[in-house]
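The structure under discussion appears below in the form of C-alpha cells.
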Amino acid sequence: MTIKLSPIAERRILQFKRNRRGYWSMWIFVGLFLFSLFAEMIANDKPIVVQYQGSFYFPIVQSYPETAFGGEFETQADYRDPVVKKLIEDKGWMLWPPVHYSYQTINYNLDVPAPAPPSSENLLGTDDQGRDVLARLIYGFRISILFGLTLTVLGSIGGVAVGAAGGYFGGMVDLLSQRFIEIWSGMPVFFLLIIMSSVITPGFFTLLLLMLLFSWMHLVDVVRAEFLKARNLDYIRAAKALGVSTPVIMFKHALPNAMVATLSMMPFVLTGSITTLTGLDFLGFGLPPGSPSLGELLSQGKNNLQAPWLGIAAFLSLAVMLSLLTFIGEAVRDAFDPRKIFKG
C-alpha cells in the first residue's frame, strides 16, 4: 500500500534531504544507534554460540553451569577461563563476539596496572578498574540514547498537553498554568536532581521519573503560542459553530499546527536530556555505580590524567553524538521553515 503524502509534507521531506549535513547525520546516528542496540552481540564475555558434543548452546540468552561442558562446578560457566575453554574446544567450538568483554568484565591478565593503555586485547584500553573501555562506550551510548529518547517523548507529551490546554482554553486555565510554570521553572533543577538522587537510590527509571518532573516545560511555550493563534482562526470557529467536540478540535485541527514547532525542537530537547544525564553521572549522582556511563568515563578521565585515552574516548563519543543530533535538529527546523529554501 502506497502512502500518499500531502504537498506540504513532500516539500518538507525534500527540504530535509537537501540539507546534506543533517540528512547524512541522521543516517549516521541511526546506524550508530542500531549498532548499539545489539551490544550483547558485539561486546560480551560470553560466546554467541557454543557447539559442544553435537549440541548447540546460546550463552548470551541463557546461563549454563560448568558441568554442562564437562566441568566440575555447578556454578555458571566462565567461558574466559582457560580450563572451560579447553573443555569446550576439545569437543566443539565457540563463536565469540568481536569484543570479548562486556561492560562489567574485568581483565585480570593486564600486563600493567589499570588503567591500561590501548592494546590488541583492549582496543581503547581499560578504565581504572580494568574494564574494557570500548565495551563500556558501546553500552553507555545505548543507555544514553534510550534514556534521552524516553525522556524526550514522555516530556514532550506532557509539555504539549499543558501548552495545548492553556493556549486553547485561555482564561484561568492559562493563567494558573503559566504561574505554576514560572514557579516550577525558577527552581534550581540540577541541584534538586542531585539532592533527590542522594536521597533516592538512583536507577534508570527513578532517574527518568525525577528528570521528567522538570523536562516537560521545554515545549509548553511554543505549543501554547500555536494554540492561542489557532483558536481564533476561521476554521476553528467554524468547527465550534458546527458543534464539533472540544477534544476533536484540539487534537485534529489545532494540534497539527503546534506539531511543527514541537518536531523542530525535539532533537534539541533530546540533546539536553543526554547532556543532563551525562552531567549527573560525571558528578556521581546519576545511574547506579558500575553502570556503563559516558559521564562516569569522563569522571575517570579527570581522575586519571595519566590515562588520556579515558577522557579522549568519552569526549569523542559525546562530541559525535551531540553534534549529529544538533545537525539533525537544524535540518528539521529548516525543513519546517517555509522561508528556508535550499538549492541543489
Side-chain angles (χ1 to χ4, degrees), residues 27-112 114-147 149 204 287-288 290-294 296-297 300 309-310 313-314 316-317 320-321:
W27 285 114
I28 294 172
F29 177 79
V30 170
L32 292 174
F33 180 49
L34 292 177
F35 177 82
S36 68
L37 288 180
F38 298 93
E40 285 79 8
M41 304 285 290
I42 300 166
N44 210 318
D45 56 0
K46 300 175 183 178
I48 300 174
V49 180
V50 172
Q51 193 272 342
Y52 181 76
Q53 290 185 336
S55 300
F56 289 92
Y57 302 85
F58 302 92
I60 63 173
V61 297
Q62 184 177 348
S63 298
Y64 300 101
E66 185 178 310
T67 52
F69 307 107
E72 299 179 357
F73 302 101
E74 294 287 346
T75 55
Q76 182 177 347
D78 180 5
Y79 301 92
R80 295 176 53 82
D81 187 339
V83 176
V84 177
K85 291 176 66 175
K86 187 175 187 306
L87 287 173
I88 296 175
E89 291 174 353
D90 284 346
K91 299 180 181 180
W93 48 265
M94 294 185 290
L95 176 62
W96 282 89
V99 180
H100 294 187
Y101 296 91
S102 184
Y103 66 88
Q104 81 277 19
T105 308
I106 299 176
N107 186 356
Y108 293 101
N109 300 317
L110 295 173
D111 296 329
V112 296
S119 64
S120 59
E121 183 71 14
N122 304 103
L123 296 180
L124 295 181
T126 69
D127 63 6
D128 56 8
Q129 298 182 39
R131 299 171 299 191
D132 186 74
V133 172
L134 178 57
R136 293 186 67 80
L137 280 179
I138 296 173
Y139 283 88
F141 184 90
R142 181 176 66 177
I143 285 184
S144 297
I145 297 300
L146 289 177
F147 186 92
L149 285 174
F204 184 92
L287 296 172
S291 300
S293 164
L294 300 180
E296 188 261 350
L297 194 58
Q300 288 201 34
W309 55 88
L310 296 176
L316 289 178
S317 299
V320 170
M321 182 198 312

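Hydrogens, waters and symmetry mates are skipped; everything else that's a heavy atom, side chains included, is used.
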* Are Glu296 and Arg136 close enough for a salt bridge, meaning some N to O gap below 4.0 Å? -> yes
* To do: In sequence, state the C-alpha distance, the side-chain angles, and the governing distance for Phe29 and Ile145, and then conclude on side-chain contact (heavy atoms from CB on, under 4.5 Å).
  => CA-CA 10 Å; Phe29 177 79; Ile145 297 300; 3.5 Å; yes
Taking all atoms of both residues into account, what is the closest heavy-atom pair of [X] and [Y], and its distance?
X: Tyr79; Y: Val50; answer: CE2-CG2, 4.3 Å
X: Pro115; Y: Trp309; answer: O-CZ2, 3.3 Å
X: Thr67; Y: Glu74; answer: OG1-OE1, 3.7 Å
X: Pro59; Y: Pro47; answer: CD-O, 3.4 Å
X: Leu34; Y: Phe38; answer: O-CD1, 3.1 Å
X: Gln300; Y: Asp128; answer: OE1-OD1, 2.8 Å

Check whether any side-chain heavy atom of [X] lies under 4.5 Å from a side-chain heavy atom of [Y], and answer yes or no.
X: Leu137; Y: Ser317; result: yes
X: Val61; Y: Glu40; result: no
X: Gln51; Y: Leu95; result: no
X: Tyr101; Y: Glu121; result: yes

* Around atom CH2 of Trp93, are there more than 12 heavy atoms of other residues, nucleotides or ligands at under 6.0 Å? -> yes
Tell me yes or no: between the side chains of [X] and [Y], is some donor less than 3.5 Å from an acceptor?
X: Gln62; Y: Tyr57; answer: no
X: Asn122; Y: Asn107; answer: yes
X: Ser102; Y: Gln104; answer: yes

Between atom [atom1] of [X] and atom [atom2] of [Y], what is the distance when rounded to the nearest 0.5 Å?
X: Ile138; Y: Leu124; atom1: CD1; atom2: CG; value: 8.5 Å
X: Met94; Y: Lys85; atom1: CE; atom2: NZ; value: 6.0 Å
X: Met41; Y: Ile48; atom1: CE; atom2: CD1; value: 4.5 Å
X: Asn44; Y: Thr105; atom1: CG; atom2: OG1; value: 7.0 Å
X: Leu134; Y: Thr126; atom1: CG; atom2: OG1; value: 12.5 Å
X: Phe147; Y: Ser293; atom1: CZ; atom2: OG; value: 10.5 Å

* Asked: Do side-chain atoms of Tyr139 reach the backbone of Ala43 as a donor and acceptor pair under 3.5 angstrom?
  -> yes
* To do: May I ask you to decide if Leu287's main-chain N or O and Ser291's side chain share a donor-acceptor pair within less than 3.5 Å?
  => no
* Output field: ring centroids Phe33/Phe141 closer than 6.0 Å -> no
* Please assess Leu37 against Phe35 for the test side-chain contact (heavy atoms from CB on, under 4.5 Å), listing each intermediate value before the final yes or no. => CA-CA 6 Å; Leu37 288 180; Phe35 177 82; over 6 Å; no
* **Listed partners of Arg80 passing salt bridge (Lys or Arg N to Asp or Glu O under 4.0 Å), at least two apart** => none
* Before giving the answer on side-chain contact (heavy atoms from CB on, under 4.5 Å), spell out for Asp45 and His100 the whole-Å C-alpha distance, their side-chain angles and the decisive distance to 0.1 Å. => CA-CA 5 Å; Asp45 56 0; His100 294 187; over 6 Å; no
* Return the set of residues passing side chain to side chain donor-acceptor pair (under 3.5 Å) with Asp90 (not counting sequence neighbours), or none when no residue passes. => Lys86
* Structure fact -> By side chain to side chain donor-acceptor pair (under 3.5 Å), Lys91 pairs with (sequence neighbours left out) none
